[in-house]
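What follows is a set of notes on a single structure, which appears directly below.
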Amino acid sequence: MIPTSFEYVRAKNLSDAFKLLGKHAKVIAGGHSLLPLLRFRLAQPDTLIDIGQLPQLKGIKKAGGGMKIGAATTYRELLESKELKALYPLIAEVTEHIGDLQVRNAGTIGGGLAHADPAADMPPVMLVLDAAFLLQSKAGKRTVSARKFFKGPFTTALKPNELLTEIQLPAPPKRTGMAYASFEQAASGYALAGAAALIAVANGMITRAELAFTGLADTPFLAPAAAKLVGTAGDELISQVAAAAVAGVEANDDIHANPVYRAHLATVAARRALTTALGRAR
Amino acid sequence: MATLFGSGIKRREDPRLITGTATYTDDVKLPGLLYAAVLRSSYAHAKLTSVDVARAKRAPGVVAVYTGADLKDKLNTVPCAWNVPNCDLKVPPHPVLATDKVRYAGDGIAMVVAESRAAARDALDLIDVDYAALDAVVDPEKATQKGAPQLHADVPGNVAFTWKVAGGDAAKAFAEAAVTVEQRILHNRLLPTAMEARAACASYNPGTGQLTCWVTSQNPHIHRFLLSVMTKLPEHRIRVIAPEVGGGFGSKIPGYPDEALVCFASMDLGRPVKWTEDRSENYKVTIHGRDHVEYVSLCGTKDGKITGLRTRVYAGLGGYASTAAPGIPTILHGLILSGPYTIPNIDVTVYGVYTTTTPVDAYRGAGRPEATFLLERMIDLYARKIGIDPVEVRRKNLIPKDKFPYTVATGLTYDSGNYQGALDKALSLVDYKKFRAEQAKARKEGRYLGIGVTTYCEVCGLGPSQVAGAVGFGGGLYDSALVRVYPTGVVRAYIGAKPHGQGEETTFAQIVADEFGVPVENVEVVAGDTETTPQGWGTYGSRTTAVCGSAVKVAAQRVKEKAKKIAAHLLEASEADLEWKDGKFSVKGSPDKGKSFAELALMANVAWNMPTGVEPGLEATAFFDPSNFVYPFGTHACTVEVDPETGETKILRYVAVDDCGPQINPMIVQGQVHGGVIQGIGEALQEMAVYDEDGQLLTGTMMDYAIPRASQMPNVETAHTVTPSPVNPLGVKGVGETGTIASVPTLVNAVCDALAPLGVTHIDKPLTPARVWAAIQQAKGGKR
Amino acid sequence: MRLEFSGSPEIAASPEQIWERLLDPNFVASVAPGVESVETVDERHYRVVSEVGVGSVRMRFQLDVELSEVVPPKSLKLSARGRAPGSNIEVNFALEIEHVAPSHPRLKWGATSEVRGTVASVGARLLKGTAKKLTESFWDRFAERVVQASK
Amino acid sequence: MKRPITLNVNGVARTTEVEPRALLAHVLRDQLDLTGTHIGCDTSQCGACTVHLDGRAVKSCTVLAVQAEGRAITTIEGLTPKGGLHPLQRAFWEKHGLQCGFCTPGMIMTAADLLAHNPKPSEAEIRHALEGNLCRCTGYQNIVAAIQTAAAGR
């Protein structure tokens, strides 16, 4: 319950934070990914750099047809943004189920994404929305697609000297429906298996279909099988696509769900998410 | 004056609790306070080859480090206090810190005492332990098998005891029976999870030789006794204070090593020492509940008359025998296996088994939920086999209401009951017939609805003491109250029991206020401090109101008798001519000539004019020892819908009809039922402590052990019937555990009923979606 | 908590080259994740300090590493017993260099580990994927570096 | 190393020395004697330690005291700055929304956040809002009733 000793620095600005970044320094914003590890001493950094109060990392703003979200924006702030909800209803829907009320008040979207928990709810949403993440360091900045960001359990494309500063959401295609379906582990609330779906429709035909999973494997991932829906009306194909998307995936095994059940749940989640998304697109 | 008995008045406990001003053990602060932390074994079973504390001792802020070797001769081992007779019970030594060997992951190895919580915690990481791993065994049945790892040198086969009870002739009944059903039943291991984990704070005064220990205890007098045994300090030098206690559910009954350790450290260092458990530590070292493997058979006629019940029980005890552990699967389980039914032939064998796991002891219901579950589950299996409605099978076997007191085959004599009344009420509330029709319709639509109906009775209100002695319980089971009236007529009742959420500060005040005709605000109930309260045996086994409440009643009656003597003297009348009306004694026929309770209180305390031979003062102590246990009962019914695609269970309705006799405070009774039912639903649907083969607790935190959340739980519809108990002056029966006892089979039977068309007969609890789905796949003959 | 992993990467080097690297503690340390120091007790016995983890999860283990059943240049067993505050780990590796094609042998490895303490009871959810990734990436890197070093 | 920090707790500036690693919950309890904030778990699940940070419910076991510097902290002791009982406290008392009381301060602090931002929540919304607060005694039913009562009285 008591972390090991560390130094704490509240960054005054980004360059302040960059200076301190390094192997034994950890970044903290809301602290809701890191503090649980610190308390069990499963993480023992020398220095914590608090970026949670930096105004330049906060806020939600329109950009082109899409939006930009500061990495230190809390889940609560996401929920309170009417503009975000209007453009990306899926984000609001999923955020409402992240953690609990208190966690949403303090936890930040960037913190959660950088933590890259393989069963977190937000990564598959980022995958289907084709979000991009702005990574900054002393040396400069680069943009990495969400689809190239999640590398493994708790592992991302972030380098030790980099910070995730902004989430960039492209404009969703016209006539798009989005949905998320998941089955929660009763104790932790993390997804045993969850699926996010995005479907765009024109003239009754699917023009774009995206499907991503969480909780199923060692990292959230985009399922290419969803592409089979493009050019079809969807409906009957959805069950097949859901099954195909899960087939061959090495599903996680733990005390809460064995791989067979987890894969089954993922299939059900995929089918439900695709069906709802299609319904919403129409 | 309106009687307070039966009135749902608000609780007087609450103002301090809702404002954050209540004091729990970890809130206790003393000058010079030191903090303790205990190093826990990471191995489930290993020899300790070395424990090196040198670096820890040198760490900043560290005052002392103790190992098992240091304390071997200074502290006694942790006692087991339920010496169940006639079963060859073997209780090997349980050292306060491991000496040669660890026997579960969590076994204490060393204790650090330091100037701050952080310094104590830091120093744990500086202790180097070398372990020589031994094989672990976590399943109580496997632990008895040949070749299983042996925990204790003098307990061959890890069998701590073999206990039997038999009534009638079960062998004959099974031989002659038309129908037999058999089932292996598992009672999932549970983590009690009182929201307040355990803590202890000890302060020794070398001048007076007096030790004060604040401890999270359901039974401070028992803790005083256990601490005396462990610390070797005489009992009268120990004061135990259980301040506010944040839930117990059985987990705060036993004596634990940590409590003795802080006492020792305080005596050794001459400074107060506090230890507070983390939740993950709580999950590893505070007792667990249940953990039975049972092989059950039930036999009967083709038309639904049960003729025999047999069970062979492997009850896991964990690495050591905890305080009450041997009594739980035996006395509190085996003896109640007739439930509310007239089962003429019963045969029970219980093996108590040591396994390399956390010790198992009393958890809400303790033995009785296990008994009720297996009985109710077996009856549903039996009913399905003979094709008769399970409710009708129950009705056919219930003890008739005109047969009480009724002695069952296992020898218990039930005090009173009207089982049919509660059953009828519950069936009508849940509208059983209508539900069955809906269920039939839903099945045609491919939806899976189910109903479970449990008729239960339990044994609680633990005493009498004579029986306690006969069954080897190492203490009494009476309880006590000292009712003291102050000169101004206000009253305090000092009670031996220790409520920790059950609201007896309020209900007992209601009893006293009624007796004296004073406003309830004028009565205070004091519990939890061995220095001020008379000897009591604690709050567990749904005994506090039935036993300690009765002591309060008797003590108040004694006070009133004395007041009457004084009134007669002051009114110059004979006691026989006095009547008690509207809060005063007056002479019959002259209601204006009377003495109020306040006037009598003043006179008794100033003693200016007392009757000859009557001592000053107005107080009395009563030790109430009941003549029998009490047997509350009822019927619970639950309807569910199961999604066969995912295995998820949705509770549609939950109806609880309970009979705990007359209710002193119906609001509090209802609250007990709500909480009990939800705790049982947790056991039925989602709670389970999981060990791996190596003895590591995989549900080591609340991230993996699923105690019910608000969003997961239904509302409970409550109702009651009232059948007084003849064994105590209040007529009351316990209600703290009924909900947990009844709800587990109700849920499981409802789910199994829902899935009957798919061929599912039994699913081991907890019925997580994963298990339900697997059972459906198996029934379909598919992969799991 | 028991974890079992295995793999069989093909390595473009001779069995002798692979074998030499396998028995070179400094080489092994250079590809293993987070190794901070290696102390040679004797030629079959080493003391290693290693900080392992992924993402934010990191723990420093002190490991006793022992080689046994050494059959050059074919197979060996390696056991590592380690401890970190609150946790213990035991890993048993069996390694075999399998001759598939000349100078393209396959390094068959299997690991069984027993994890105890905080990591098992608190971090089980974090553990399996992490351990698998660490173990597999170690052998992948080993294979890669042997090839580089042999060129 | 310890450093002095000033925390604005229940409207009062309190200065104390803390290590950077000190959890807000520990500092409130051990150093500022505000023991109404309880600790019931070590994984940010139980919510017994819930306090308000700038008016929003957070788990004080998952906030470092140094993170809270410069922000307004409200604990159960400061819920009604002028004394007396908050409508939620009254409703918990009225509806028997507590038994052992250990989870209650956190429960009330979460409910206060809920009602501040959603004055008339449905039963489902209340139960959802309580996801991060565990109670082992009441079965939640009377807690939900208490929050409904407090909402109705607003």
Is it true that, when you exclude B/Lys29 itself, more than 12 heavy atoms of the residues, nucleotides or ligands shown sit nearer than 6.0 Å to its NZ? yes
Between OG on residue B/Ser116 and CD1 on residue A/Ile2, distance to nearest 0.5 Å: 7.0 Å
Any chance you could lay out the salt bridge (Lys or Arg N to Asp or Glu O under 4.0 Å) test for B/Asp278 and A/Arg41, step after step, and finish with the verdict? CA-CA 14 Å; B/Asp278 287 344; A/Arg41 304 190 168 204; over 6 Å; no
Of the non-hydrogen atoms in B/Thr646 and A/Tyr261, which two are nearest, and what is the gap between them? O-OH, 2.6 Å
Portion of B/Asp692 that has a non-hydrogen atom of chain A nearer than 4.5 angstrom: neither
Using atom types as modelled and distance alone, determine if a side-chain donor or acceptor of B/Arg709 lies under 3.5 Å from a backbone N or O of A/Ala187. yes
Non-hydrogen atoms of chain A under 4.5 Å away: do they reach the side chain of B/Ser280, the backbone, both or neither? side chain
CD of A/Glu184 to CD of B/Gln712, rounded to nearest 0.5 Å, is 8.5 Å
Take atom CD in A/Glu93; do more than 12 heavy atoms of anything else shown fall under 6.0 Å from it? yes
Please check: side-chain N/O of B/Gln686 versus main-chain N/O of A/Ala186, any donor-acceptor pairing under 3.5 Å? no
Minimum heavy-atom separation for B/Met703 to A/Ser188, with atom names? O-CB, 3.3 Å
For the atom pair CD1 (A/Ile255) and CG (B/Asp704), what is the distance rounded to the nearest 0.5 Å? 4.5 Å
Quick one: does B/Thr701's side chain get under 4.5 Å of A/Phe40's, heavy atoms only? yes
By a 4.5 Å heavy-atom criterion (distance strictly below it), what part of A/Arg39 contacts chain B: side chain, backbone, both, or neither? neither
Could you tell me which portion of A/His264 (side chain, backbone, both or neither) has an atom closer than 4.5 angstrom to a non-hydrogen atom of chain B? side chain
Less than 4.5 Å apart, side chain to side chain, heavy atoms only: is that true for A/Met1 and B/Glu277? no
Taking everything shown except A/Glu250 itself, do over 12 heavy atoms lie less than 6.0 Å from its CD? no
CG of B/Leu698 to CG of A/Asp254: how many Å apart, nearest 0.5 Å? 9.5 Å
Once rounded to the nearest 0.5 Å, what's the spacing between atom CZ of A/Phe183 and atom CD of B/Glu648? 5.5 Å
By a 4.5 Å heavy-atom criterion (distance strictly below it), what part of B/Pro708 contacts chain A: side chain, backbone, both, or neither? neither
